[in-house]
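What you see below is based on every heavy atom in this structure, not just the backbone, and it leaves out hydrogens, waters and symmetry mates.
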Amino acid sequence: MKETFGEYIHKLRVDNGLTLTKLAAALDIDQSTLSKIENGKRNVPSEIIPKLSSFFNLDLKRLEHEYLSERIAELIYPQEETKKLFLAAEEKAKYMRIKNQQQSTIKF
């Protein structure tokens, strides 16, 4: 997906013939919030991702990846050399996973 997550939600809504009111109710948010999300004036709350997945019968893991990739892109798009940032972030993520695994295996 190259469009923003909000644009994607808008496309899903329109393609399925839904009003802002109907989709907002399904996602348990008000329609003004949904409108701001679709127009890029508000970030997508992570709590609606599972609801969106369920309502449109979309793969939750893929939707979560798209959501997270947009959050990451928002952080790094002003930066130069994004590949270096990704490599550094991957190394930190690996370290954090190892550290977390070590802490969970401590026996008393």
Side-chain angles (χ1 to χ4, degrees):
M1 156 186 346
K2 289 195 178 186
E3 70 250 301
T4 67
F5 208 83
E7 291 168 339
Y8 179 64
I9 292 171
H10 176 79
K11 183 179 181 318
L12 284 171
R13 182 177 65 75
V14 170
D15 289 351
N16 286 277
L18 300 169
T19 63
L20 275 169
T21 305
K22 179 155 179 150
L23 182 55
L27 300 176
D28 198 27
I29 58 176
D30 62 55
Q31 71 182 52
S32 67
T33 299
L34 179 57
S35 177
K36 288 175 186 172
I37 289 168
E38 288 185 357
N39 291 308
K41 295 178 181 172
R42 182 169 179 165
N43 287 332
V44 177
S46 61
E47 306 83 47
I48 73 164
I49 304 301
K51 295 173 187 176
L52 194 63
S53 169
S54 177
F55 188 80
F56 288 109
N57 195 29
L58 301 169
D59 180 74
L60 178 59
K61 193 53 87 176
R62 181 170 178 251
L63 210 53
E64 288 172 337
H65 285 184
E66 291 293 341
Y67 170 78
L68 289 172
S69 70
E70 181 160 315
R71 298 298 305 266
I72 293 166
E74 288 170 351
L75 288 171
I76 68 165
Y77 85 89
Q79 304 296 318
E80 298 292 326
E81 302 184 33
T82 55
K83 287 185 181 186
K84 287 182 181 180
L85 284 170
F86 284 125
L87 290 173
E90 180 62 26
E91 288 301 313
K92 287 192 188 275
K94 286 177 185 177
Y95 171 77
M96 293 166 83
R97 278 194 289 283
I98 289 168
K99 188 174 179 180
N100 189 37
Q101 287 173 350
Q102 289 172 344
Q103 288 177 349
S104 66
T105 59
I106 294 175
K107 297 179 182 177
F108 294 96

Please give me the minimum heavy-atom distance between Phe5 and Val44, naming the atom from each residue. CD2-CG2, 3.7 Å

Distance col, row Leu34:CG vs Leu20:CG, nearest 0.5 angstrom, shows 5.0 Å

Please enumerate all residues that pass side chain to side chain contact (heavy atoms under 4.5 Å, CB included) together with Lys83, with sequence neighbours excluded. none

Would you say the side-chain atoms of Asn39 pair up with the backbone N or O of Ser35, donor to acceptor, closer than 3.5 Å? yes

Working to the nearest 0.5 angstrom, can you tell me the gap between Leu87 CG and Glu81 CD? 11.0 Å

Is there any salt bridge (Lys or Arg N to Asp or Glu O under 4.0 Å) pair reaching into residues 16-33, and which pairs are they, with sequence neighbours excluded? Asp28-Lys51

Restricting to side chain to side chain donor-acceptor pair (under 3.5 Å), what partner residues turn up for Lys11, sequence neighbours left out? Asp15

Where the side chain of Tyr8 meets the backbone of Glu66, is there a donor-acceptor pair that is under 3.5 Å apart? no

OG (Ser54) and CG (Leu63) are apart, to the nearest 0.5 Å, by 11.0 Å

Salt bridge check, Glu70 against Lys2: does any charged N sit closer than 4.0 Å to a carboxylate O? no

Before giving the answer on salt bridge (Lys or Arg N to Asp or Glu O under 4.0 Å), spell out for Arg97 and Glu90 the whole-Å C-alpha distance, their side-chain angles and the decisive distance to 0.1 Å. CA-CA 11 Å; Arg97 278 194 289 283; Glu90 180 62 26; 3.6 Å; yes

Report the residues that fulfil salt bridge (Lys or Arg N to Asp or Glu O under 4.0 Å) with Glu47, sequence neighbours left out, ordered by chain and then residue number. none

Interatomic spacing from NZ in Lys36 to NZ in Lys41 - rounded to 0.5 Å: 9.0 Å

Keeping to residues at least two apart or across chains, list the salt bridge (Lys or Arg N to Asp or Glu O under 4.0 Å) pairs with something in residues 54-65. Lys61-Glu64

Step-by-step side chain to side chain contact (heavy atoms under 4.5 Å, CB included) determination, Glu38 to Arg13: CA-CA 10 Å; Glu38 288 185 357; Arg13 182 177 65 75; 2.7 Å; yes

Got a second to check how far Gln79's CD is from Leu85's CG, nearest 0.5 Å? 6.0 Å

Phe56: side chain to side chain contact (heavy atoms under 4.5 Å, CB included) partners, not counting sequence neighbours: Leu12, Asn16, Leu18, Leu23, Leu52, Leu58

Say whether Leu68 and Leu75 are linked into one hydrophobic cluster, either directly or through other cluster members, by side-chain heavy-atom distances under 4.5 angstrom. no

Rounded to the nearest 0.5 Å, what's the gap from OG on Ser32 to CZ on Arg42? Could you check? 8.0 Å

